[in-house]
2 protein chains.
Amino acid sequence: MGITKTQIFDKKQNELAQFFKILGHPARIAILQHISTQNSCICNDLVEEIGLAQATISQHLKELKSIGLLKGEIEGKSMCYCIDIDRWKELQKLLNGFFNTTKENCC
Amino acid sequence: MGITKTQIFDKKQNELAQFFKILGHPARIAILQHISTQNSCICNDLVEEIGLAQATISQHLKELKSIGLLKGEIEGKSMCYCIDIDRWKELQKLLNGFFNTTKENCC
DNA sequence: TTTTATTATCGTAATATTGCGATATATAAA
DNA sequence: TTTATATATCGCAATATTACGATAATAAAA
């Protein structure tokens, strides 16, 4: 127990859930919001901006990268993290698909 | 540690994350999808349909109720769980708001 | 080359989540 | 009232997540 029974759900359900799950942390929401307000690429402004340790921010960035929402490029000795707008729109579409196909039923 | 530092984020960020988090489990996705395909109210068809123990399903239903996505009505000796369509649309809007205000920045 | 700055990864502690059996609760049926 | 059925809650075990310090890795600067 304690482990999610991934195998009893289909691929789409697991993918959708995984996507929601990764967005389901305030630090990751804050990271995405902060990155999107910057004109230029940002890196570890996030550590100061958000107030979590560098290791923690790095971990959250890794998770956002894992679903493709962020892409990182080496920029000198620091990293430039950016929103991948194509993936972003793709995920928004996926998510709206879920919302639009799930409908009122009764009551 | 291990605890999310809720206090360093604002109310909207925490709410949005909480909403995403609750949708971030395949069983809860499956529950919502199944309920929406039923013409009439369903109850513990879910236990058979989804393949998790009754106690587990009940717990997931509770979480979906906590963000207002489901409402439950007593129907004889069983429970009728339904999607709250107003709340549903409200959350979809909230979520799209997040997606639309977070934009491409660089790269 | 040495130093400095930035980011990633490892290891670990604290807490949260998932899942289930057992049990409590409530209502319908007998 | 007794029995059967449906759901909620409790308590626990297993696993996952969150957070961070320490350290490794990398690249610019001195």
Side-chain angles (χ1 to χ4, degrees), chain A residues 1-9 13-14 17-31 34-35 38 40-67 70-82, chain B residues 1-9 13-14 17-31 34-35 38 40-67 70-82:
Chain A
M1 307 102 201
I3 186 169
T4 297
K5 290 192 163 179
T6 309
Q7 71 283 1
I8 67 175
F9 306 105
Q13 289 169 331
N14 282 313
Q18 178 64 10
F19 171 47
F20 279 126
K21 191 177 187 177
I22 288 186
L23 288 177
H25 193 288
R28 293 192 285 268
I29 295 289
I31 286 172
H34 184 72
I35 288 183
Q38 302 303 105
S40 62
C41 293
I42 61 101
C43 24
N44 242 21
D45 312 338
L46 289 166
V47 177
E48 290 208 2
E49 188 67 30
I50 296 191
L52 290 170
Q54 183 268 319
T56 309
I57 294 290
S58 190
Q59 210 172 262
H60 283 306
L61 287 169
K62 192 180 175 183
E63 291 182 85
L64 288 168
K65 264 194 295 183
S66 79
I67 53 168
L70 290 185
K71 48 185 176 183
E73 285 180 9
I74 299 167
E75 184 101 347
K77 61 181 165 183
S78 58
M79 280 292 285
C80 161
Y81 275 107
C82 307
Chain B
M1 306 102 204
I3 186 168
T4 297
K5 290 190 161 177
T6 309
Q7 72 283 1
I8 67 175
F9 305 105
Q13 290 169 331
N14 282 312
Q18 178 64 11
F19 171 48
F20 278 126
K21 191 176 187 177
I22 287 186
L23 288 178
H25 192 289
R28 293 191 286 267
I29 296 289
I31 286 171
H34 184 72
I35 288 182
Q38 302 303 106
S40 63
C41 293
I42 63 100
C43 22
N44 242 22
D45 312 338
L46 288 168
V47 177
E48 291 210 2
E49 189 67 31
I50 297 192
L52 290 171
Q54 182 268 319
T56 309
I57 294 290
S58 190
Q59 209 172 263
H60 284 306
L61 288 169
K62 192 180 176 184
E63 290 181 84
L64 288 168
K65 263 194 294 182
S66 79
I67 53 168
L70 290 185
K71 47 186 178 183
E73 284 180 9
I74 299 166
E75 185 99 346
K77 62 181 163 182
S78 57
M79 281 293 284
C80 161
Y81 275 107
C82 308

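The sequence lines fix the lettering, A, B, ..., with proteins before strands; numbering per chain opens at 1.
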- Message: Can you pull out every salt bridge (Lys or Arg N to Asp or Glu O under 4.0 Å) where at least one residue sits in residues 42-52 of chain B? Sequence neighbours excluded, please.
- Response: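 Passing the test, one end in residues 42-52 of chain B: no pairs.
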
Distance, rounded to the nearest Å, where [X] contributes [atom1] and [N] contributes [atom2]:
{"X": "A:L61", "N": "C:dT6", "atom1": "CG", "atom2": "C1'", "answer": "13 Å"}
{"X": "B:K62", "N": "C:dG19", "atom1": "NZ", "atom2": "C1'", "answer": "15 Å"}
{"X": "A:E49", "N": "C:dT6", "atom1": "CD", "atom2": "C1'", "answer": "18 Å"}
{"X": "A:I50", "N": "D:dA19", "atom1": "CD1", "atom2": "P", "answer": "11 Å"}
{"X": "A:Y81", "N": "C:dA8", "atom1": "OH", "atom2": "P", "answer": "4 Å"}
{"X": "A:Q59", "N": "C:dG11", "atom1": "CD", "atom2": "C1'", "answer": "12 Å"}
{"X": "B:I31", "N": "C:dG19", "atom1": "CD1", "atom2": "C1'", "answer": "13 Å"}
{"X": "B:K5", "N": "D:dT18", "atom1": "NZ", "atom2": "P", "answer": "14 Å"}

- Would you classify A:L52 as touching base, sugar-phosphate or nothing, given that sugar-phosphate means primed atoms plus P, OP1 and OP2, and contacts are heavy atoms under 4.0 Å? sugar-phosphate

What's the closest nucleotide to the [X] side chain, out of [options]?
{"X": "A:S58", "options": "D:dT18, C:dG19, C:dA8", "result": "C:dA8"}
{"X": "A:T56", "options": "C:dT17, D:dT17, D:dC20", "result": "D:dC20"}
{"X": "A:M79", "options": "C:dC20, D:dT9, C:dT7", "result": "C:dT7"}
{"X": "B:S78", "options": "D:dA6, C:dG19, D:dA19", "result": "D:dA6"}

For [X] versus [Y], what's the shortest heavy-atom pair and its separation?
{"X": "A:A17", "Y": "B:P26", "value": "CB-N, 3.3 Å"}
{"X": "A:A53", "Y": "A:V47", "value": "C-CG1, 4.4 Å"}
{"X": "B:S66", "Y": "B:I22", "value": "OG-CD1, 3.4 Å"}
{"X": "A:I29", "Y": "A:L23", "value": "CD1-O, 3.3 Å"}

- Message: Both A:Q18 and A:A53 contact DNA chain D. Taking the nearest nucleotide for each, which residue is further toward the 5' end?
- Response: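 First, find each residue's nearest nucleotide; the 5'-ward one identifies A:Q18.
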
- Message: Both A:K65 and A:K21 contact DNA chain C. Taking the nearest nucleotide for each, which residue is further toward the 5' end?
- Response: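 Per heavy-atom nearest nucleotide, the more 5' residue is A:K65.
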
- Query: Which residues in residues 23-30 of chain B have at least one heavy atom lying under 4.0 Å from any atom of DNA chain D?
  - Reply: none

- Would you call the rings of A:H25 and B:F9 parallel, tilted or perpendicular if under 30° counts as parallel and over 60° as perpendicular?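 Rings of A:H25 and B:F9: perpendicular, over 60°.
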
What residues form a side-chain contact (heavy atoms from CB on, under 4.5 Å) with [X], not counting sequence neighbours?
{"X": "B:K65", "value": "B:L70, B:Y81"}
{"X": "B:I74", "value": "B:M79"}
{"X": "B:Q59", "value": "none"}

- Using a cut-off of 4.0 Å between protein heavy atoms and nucleotide atoms, how would you tag nucleotides 22-30 of chain C 5' to 3' with B, S and -? B----BS--

- Query: OP1 or OP2 of C:dG19 less than 4.0 angstrom from a side-chain nitrogen or oxygen of B:H60, does that happen here?
  - Reply: yes

